[in-house]
Amino acid sequence: MTATHRADAGTTQSRLVTWQDPTPALHAARSMSGLAYWRAVIDGHFPPPPIAELLRMQLVEAEDGRVTFTCTPDGSMYNPLGVVHGGAMCTLLDTATGCALHTTLPEGVSYTSVEIKVSYLKAVTLESGTLTAVGTVVKAGSRIGFAEATVTDAAGRLVATATSTLLIF
């Protein structure tokens, strides 16, 4: 005898994600310092990267060695346990650490993540409200950079932290 389980289907939801072709901004970024590029994104001169649209992230502040993103999670980010998937939080933290390092780099210099360590401190749900991720540079060397980031919920509670090692090239 076999039993068949069918979960209550609930209400179907959808979300339309639109983004602009990042190619023109990528070409322009090569001729700008990282800080100038991210300030141009904030000012609307360049579109945000497509991943920012997908995960509802918005860059709100960029200064030398520091960036601030906001992110408003929705149900599309939930895992089977009813909380925002850790991968979404990791992506937000990776973005904050990488972009913080990028603000310290001159034109023609790029970076990529080598390693990230994430600590999840509190479950994130829709009730968490808008999240704020702040990335800061610990040290920007000539070949390797180190950065850290924190994510807080709308009430200012710390929900996740990360440290990152990045390759500069």
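- Residues Thr136 and Ala100 come closest through the heavy atom pair N-CB, 3.9 Å.
- Under a hydrophobic clustering in which Ile, Leu, Val, Met, Phe, Trp and Tyr are joined whenever their side-chain heavy atoms come within less than 4.5 Å, directly or via other members, Val109 and Leu101 fall into the same cluster.
- Rounding to the nearest 0.5 Å places CD1 of Ile42 at 4.0 Å from CG of Leu59.
- The number of heavy atoms from other shown groups lying within 6.0 Å of CZ (Arg15) is above 12.
- Cluster membership check: Val67 shares its hydrophobic cluster with Met32, using side-chain heavy-atom separations under 4.5 Å among Ile, Leu, Val, Met, Phe, Trp and Tyr.
- Within 6.0 Å of atom CD in Glu61, more than 12 heavy atoms from other residues, nucleotides or ligands are found, so the atom counts as buried in its surroundings.
- Thr161 places none of its side-chain heavy atoms less than 4.5 Å from the side chain of Leu93.
- Here the CG-OG distance, from Leu26 to Ser110, works out to 9.5 Å after rounding to the nearest 0.5 Å.
- Checked against the 6.0 Å centroid threshold, His102 and Tyr111 count as a close aromatic pair.
- Follow the hydrophobic side-chain contacts under 4.5 Å out from Phe46 and you reach Trp19 in the same cluster.
- Nearest approach of Cys71 to Leu92, heavy atoms of both residues: CB-CD2, 4.0 Å.
- Considering all non-hydrogen atoms of both residues, Pro47 and Tyr37 come closest at O-OH, 4.4 Å.
- Taking both residues in full, the closest heavy atoms of Val151 and Met89 are given as CG1-SD, 4.5 Å, listed atom of the first, atom of the second, then distance.
- Using a 4.5 Å cut-off on side-chain heavy atoms (C-beta onward), Thr91 and Ile51 make contact.
- At distances below 3.5 Å, at least one donor-acceptor pair connects side-chain atoms of Thr103 with backbone N or O atoms of Gly65.
- A side chain to side chain contact (heavy atoms under 4.5 Å, CB included) with Leu131 holds for exactly one of Thr70, Val84, Val124; it is Val124.
- In this structure, Arg39 contributes its side chain and Ala62 its backbone to a donor-acceptor pair below 3.5 Å.
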Taking it one step at a time, do Ser113 and Asp94 satisfy side chain to side chain donor-acceptor pair (under 3.5 Å)? CA-CA 8 Å; Ser113 299; Asp94 184 54; 2.7 Å; yes

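- Although no hydrogens or angles enter the test, the distance criterion places no donor-acceptor pair under 3.5 Å between the side chain of Thr163 and the main chain of Ala147.
- Here the OG atom belonging to Ser33 is positioned 9.0 Å from the CG atom belonging to Leu105, to the nearest 0.5 angstrom.
- Residues Leu55 and Met77 meet the side-chain proximity criterion, which asks for heavy atoms closer than 4.5 Å.
- Contact of the Tyr78 side chain with the Leu126 side chain is registered, since non-hydrogen atoms from C-beta on lie closer than 4.5 Å.
- Using a 4.5 Å heavy-atom threshold, the side chains of Phe146 and Leu166 count as separate.
- Taking the side chain as every heavy atom from C-beta outward, Val159 and Leu121 never approach each other to under 4.5 Å.
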Before you tell me yes or no, could you show the steps for Thr72 and Thr130 under side chain to side chain donor-acceptor pair (under 3.5 Å), namely the whole-Å CA-CA distance, both residues' side-chain angles and the distance that decides it to 0.1 Å? CA-CA 4 Å; Thr72 306; Thr130 299; 3.2 Å; yes

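- Scanning all heavy atoms of the two residues, the minimum distance from Gly129 to Pro73 falls at O-CD, 3.6 Å.
- Counting heavy atoms from C-beta on, the side chains of Glu107 and Arg30 never come closer than 4.5 Å.
- Formation of a donor-acceptor pair under 3.5 Å by the Asn79 side chain with backbone atoms of Leu81 is found in this model.
- Minimum interatomic distance between Glu148 and Thr97 (heavy atoms only, all atoms of both residues): C-CG2, 3.6 Å.
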What verdict does the side chain to side chain contact (heavy atoms under 4.5 Å, CB included) test give for Arg66 and Thr68, after you've listed the backbone C-alpha separation in whole Å, the side-chain angles of each residue and the deciding distance to 0.1 Å? CA-CA 7 Å; Arg66 185 175 188 275; Thr68 303; 3.6 Å; yes

Test side chain to side chain contact (heavy atoms under 4.5 Å, CB included) on Asp74 and Arg56 and set out the steps. CA-CA 9 Å; Asp74 67 10; Arg56 304 181 72 189; 3.1 Å; yes

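- Put simply, CG on Asp153 and CD on Glu127 are 11.5 Å apart, with the number rounded to the nearest 0.5 Å.
- By the 4.5 Å heavy-atom criterion applied to side chains, Thr95 and Phe69 are counted as neighbours.
- There is a path of hydrophobic side-chain contacts, each under 4.5 Å, that joins Leu54 to Met57.
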